[in-house]
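When a residue number appears, it is its place in the shown sequence, counting from 1. Whatever order the structure lists ligands and atoms in, that order sets their numbers, starting from 1.
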Amino acid sequence: MERVELHFHLLPGVDDGPADLPAALELAREAVADGTRLVTCTPHVRCVDVSEIPERVRELSSALKRARVGLEIRDGAELAWDDVDRLDGASLDGLAHGPAGRRWLLLEAPLPGAGELEDFEASARELRDRGFGLLIGHPERSPAVTRAPGAVERLLAAGDRLQLNGSSLTGSHGAGPRTAGLELARAGHITIIASDAHRPTVRGPVLGQAVSVLRQNGIDADAAHRLTAANPRALLERGLAPARRMAA
Ligand SMILES: [Fe+2]
């Protein structure tokens with residue numbers, strides 16, 4: 001298995017992810033057991049000095065090697081809509097993935113109480129205007145997105161890709177996100193699944209379980225597998241075409 005996680009809170013003591021290095025190592029071991037070989041570390045931008053992320057990833061990578069955990073990790077970050085205004089182009093590029101000219105960022109869809117659709121869409125437009133592609137994190141957990149007619153279609157029309165949380169499919173966030181996630185997957189709107197893991201055991205890697213849930217709900221096994229392996233790897237290696245400019 002060669003799964004790839006593009007939304008995963010693995011850095012220790014930074015955000016609401018693992019509290020310390022032993023917990024981070026345990027979370028990494030769980031990812032390996034889930035069939036994952038590569039993880040982008042995506043701390044919440046509001047919780048970290050983004051200039052420190054490369055060094056923190058290097059330190060954790062060394063610790064993984066010392067502990068003989070066979071997991072490759074890379075820099076990344078999870079942006080919220082209200083992070084965008086205070087980051088300049090160089091800072092954003094440091095958080096982005098993909099080859100030059102096809103760089104993209106992980107932007108989370110707002111959780112309940114964390115922002116209105118218009119705030120989120122304005123930040124998404126701003127990032128596209130600055131030349132980045134967008135991977136939209138957990139839209140199925142965002143009533144602002146799922147309950148607004150046409151919101152998902154507007155994101156897709158702008159060239160954004162959608163990342164579903166495996167934890168939504170397993171029911172960890174309740175019935176609403178699970179149903180919304182299955183609907184998005186059935187409609188073919190999802191490019192990748194990620195665990196959005198935070199802590200060992202209680203909120204760990206669930207890509208294998210997510211694939212099982214999709215298969216139980218009528219999604220072809222190869223297609224479900226692609227969402228956790230070939231598609232996330234392609235996003236890292238080939239990036240995303242620059243976003244189409246949308247009218248405000
Ligand atoms: Fe996250």
Would you please indicate yes or no on a ring centroid separation below 6.0 angstrom for H138 and H173?
no

Checking only N/O/S atoms, does [X] have one that is under 2.8 Å from the Fe ion (ligand 1)?
X	value
H7	yes
E108	no
H9	yes

Shortest-distance N/O/S atom, E78 versus the Fe ion (ligand 1)
OE1

Closest N/O/S atom of D196 to the Fe ion (ligand 1), by atom name?
OD1

Fit a plane to each ring of H9 and H198, take the angle between them on a 0 to 90° scale, and name the class: parallel (under 30°), tilted (30 to 60°) or perpendicular (over 60°).
parallel

Please find the pair of heavy atoms, one from A77 and one from L95, that lie closest to each other, and give the distance.
CB-CD2, 3.7 Å

Thinking salt bridges, do E108 and R46 make one under a 4.0 Å N-O criterion?
yes

Does one hydrophobic cluster hold both L107 and I190, with members joined at side-chain heavy-atom distances below 4.5 Å?
yes

